[in-house]
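Side chains included, hydrogens not; waters and symmetry mates left out as well; all remaining heavy atoms used.
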Amino acid sequence: MQPAGRPARRVLLTALSLGAALLLGACAGCDPSRARLGEPLQVDGVVWQPDNATAMPRGNWDQLGARELLVQWSAVDGMAFVPGSAMPAAPNLPDWHRIAHEPWARKVIMGLAGRFDEKVARADIEQLVADSIELAKLPTPLKVSGWYFPVEIDPTWSEAPRLGALLAKLPRPLWITVYDSANVGPEALADGLMKWLPPDVGVFFQDGVGVYARQPQVALHYAEVLSRRLGSGRLRIIAEAFRPQVGGGFRSATAAEIRPQVNLYRDYHVTIFDGPHYLPPPLVDELSRPER
C-alpha cells in the first residue's frame, strides 16, 4: 500500500507530472500490473512436508526471499521426525542442527502431530492435540516463532467447531490451514471461522490454484476478505507450487505458472508449498530472475 500524499510546492508537482508523462511515453501500451507479474518471485516463507523422501531438505529458497520455514508436522501417523518423542522415530531423522542454520529457516513455524489421511486426522483430533502438546515440549535447535496444528479445515467439515476448545490447549503463537473445497465463497468461509476460531489463532489460506480449484485473482479476493474479517495479522497465503499431472499425482508448476500466481499476492505474507517436493534449485534460479 502506498500512502497518499500531496506535494507542497507547485514546482514539485510539475516535475512529477513531467516525469510521469515521460514514463508513460516510454511504456506506451504496457500494462503495469502485467509487468509486476513478470518480476522475480518474492515469498516470505516456504513449506516443508516431511516424509522419508525429503528427510534431508536442501534448497535455495532464500533466493526468493524465504526466511521462514513452515514444517507441516513433527510427527505423522504416529511416527516422529524429532528425537525424544514417545512415538517411534522415522527411519531417517532430519538434521535439525543443519536446518536451523539454513537462511530459509531463520524462523520456524513448527508443525505438531498430523495424519497423511485427512479423514483419519479429522476423526482423531483429540489424540492429535494430546500428541501435539507433548511434541511442543521437546527441545530443538530451531528458532521456533510459532506452532502449526496440521488438521486442515474447510466448509465441508461440519465438526470443525469442536476444534475451538481443543486449540486452546496448544501453545501460542498458533496457526491453522483453511481451504475452500466447496467454493462457498470468502464471506461464507469467514462467517464459519468467526463462529468458533479462537481470536488468537492465525490462518494460512490455501489458495487452491495448484489443484485448479480457482484462479489466482479469485484466491486474492479470498485473502482480501479473510484479512478484513480476521485482521491482517492473522492471515497468510499458502501458494501451491504444484499442478496435477497426466496419469495422476502432481508435478512442479512451471515458472510461467507460478510467477503470475505468487506475484499477484505481493501485498500479503506468502508461504509457498512446498520447497523440497516442488521447488528444485533450477526452478528457483529461474523464478529468481525477471521473466524474459
J.: Taking D62 first and then R67, would you say they form a salt bridge - that is, a charged N and a carboxylate O separated by under 4.0 Å?
T.: no

J.: State, to 0.1 Å, how close S288 and P40 come at their nearest heavy-atom pair, and which atoms those are.
T.: O-CB, 3.4 Å

J.: Using a 6.0 Å distance limit plus a 45 degree cone around the ring axis, check whether R236 lies over the aromatic ring of W175.
T.: yes

J.: Determine whether V203 and V129 fall in the same hydrophobic cluster, where Ile, Leu, Val, Met, Phe, Trp and Tyr are linked whenever their side-chain heavy atoms lie under 4.5 Å apart.
T.: yes

J.: For the residue pair N263 / Q42, report whether a side-chain donor-acceptor contact shorter than 3.5 Å exists.
T.: no

J.: Does the side chain of I99 reach to within under 4.5 Å of the side chain of W104, using non-hydrogen atoms?
T.: yes

J.: Indicate, with yes or no, if V218 and L264 share a hydrophobic cluster defined by side-chain heavy-atom contacts under 4.5 Å among Ile, Leu, Val, Met, Phe, Trp and Tyr.
T.: yes

J.: Could you tell me whether the side chain of I176 reaches within less than 4.5 Å of the side chain of L167, counting heavy atoms only?
T.: yes

J.: Do the ring planes of H269 and F204 sit parallel (below 30°), tilted (30 to 60°) or perpendicular (above 60°)?
T.: perpendicular

J.: Has R289 got a side-chain atom pairing as donor or acceptor with D285's backbone, closer than 3.5 angstrom?
T.: yes

J.: Test your reading of the model: is there a side-chain donor-acceptor pair from K143 to the backbone of A100, 3.5 Å cut-off?
T.: yes

J.: Are E257 and R251 within salt-bridge range, i.e. N to O under 4.0 Å?
T.: yes

J.: With a 4.5 Å cut-off on side-chain heavy atoms, are F205 and L189 touching?
T.: yes

J.: Could you check whether any side-chain heavy atom of M79 comes within less than 4.5 Å of a side-chain heavy atom of P91, counting everything from C-beta outward?
T.: yes

J.: Taking D51 for its side chain and T54 for its backbone only, find out whether a donor-acceptor pair lies under 3.5 Å.
T.: yes

J.: State plainly whether one hydrophobic cluster holds both V144 and L112, where clusters connect Ile, Leu, Val, Met, Phe, Trp and Tyr through side-chain heavy atoms under 4.5 angstrom apart.
T.: yes

J.: Sub-3.5 Å donor-acceptor pair from the side chain of Q245 to the main-chain atoms of G248, do we have one?
T.: yes

J.: With a 4.0 Å cut-off on N to O distance, would you call D191 and R229 a salt bridge?
T.: yes

J.: Ion pair present between R122 and E118, side-chain N to carboxylate O less than 4.0 angstrom?
T.: yes

J.: Check this for me: Q215, atom CD, are more than 12 non-hydrogen atoms of other residues, nucleotides or ligands nearer than 6.0 Å?
T.: no

J.: Checking the side chain of T271 only, and the main-chain atoms of V47 only, is there a donor and an acceptor separated by less than 3.5 Å?
T.: no

J.: If you take the centroid of each ring, where Trp contributes its six-membered ring, are W73 and W147 closer together than 6.0 Å?
T.: no

J.: Hey, what do you get for CG (L197) to CD1 (I153), rounding to the nearest 0.5 Å?
T.: 7.0 Å

J.: So, D154 side chain and D180 main chain: donor-acceptor pair closer than 3.5 Å or not?
T.: no

J.: Minimum heavy-atom separation for P280 and S252, please, with both atom names.
T.: CD-OG, 4.2 Å

J.: Give the minimum heavy-atom separation between R266 and E39, together with the two atoms involved.
T.: NH1-OE1, 3.0 Å

J.: Under 3.5 Å, is there a donor-acceptor pair between the side chain of Q49 and the main chain of H277?
T.: no

J.: Nearest heavy-atom pair of A239 and V270: which atoms, and what distance?
T.: CB-CG1, 4.1 Å

J.: I'd like to know if the side chain of H101 reaches the main chain of H97, judged simply by a donor and an acceptor atom lying under 3.5 Å from each other, with no hydrogens or angles considered.
T.: yes

J.: If the threshold is 4.0 Å, N to carboxylate O, is there a salt bridge linking R228 and E187?
T.: yes

J.: Just one of Y265, Y179, Y222 clears the side chain to side chain donor-acceptor pair (under 3.5 Å) bar with D207, so which one?
T.: Y265

J.: Treating R172 as the side-chain partner and L170 as the backbone partner, does any N or O pair qualify as donor plus acceptor under 3.5 Å?
T.: yes

J.: Taking side chain as C-beta onward, heavy atoms only, is Y148 less than 4.5 Å from T177?
T.: yes

J.: Report yes if some heavy atom in the side chain of L41 is under 4.5 Å from a heavy atom in the side chain of I272; otherwise report no.
T.: yes

J.: Check for a donor-acceptor pair, side chain of E68 on one end and backbone N or O of G45 on the other, with a separation under 3.5 Å.
T.: no

J.: Going by heavy atoms in the side chains, are S74 and W96 under 4.5 Å from each other?
T.: no

J.: Between R243 and V209, is there a side-chain heavy-atom distance shorter than 4.5 Å?
T.: yes

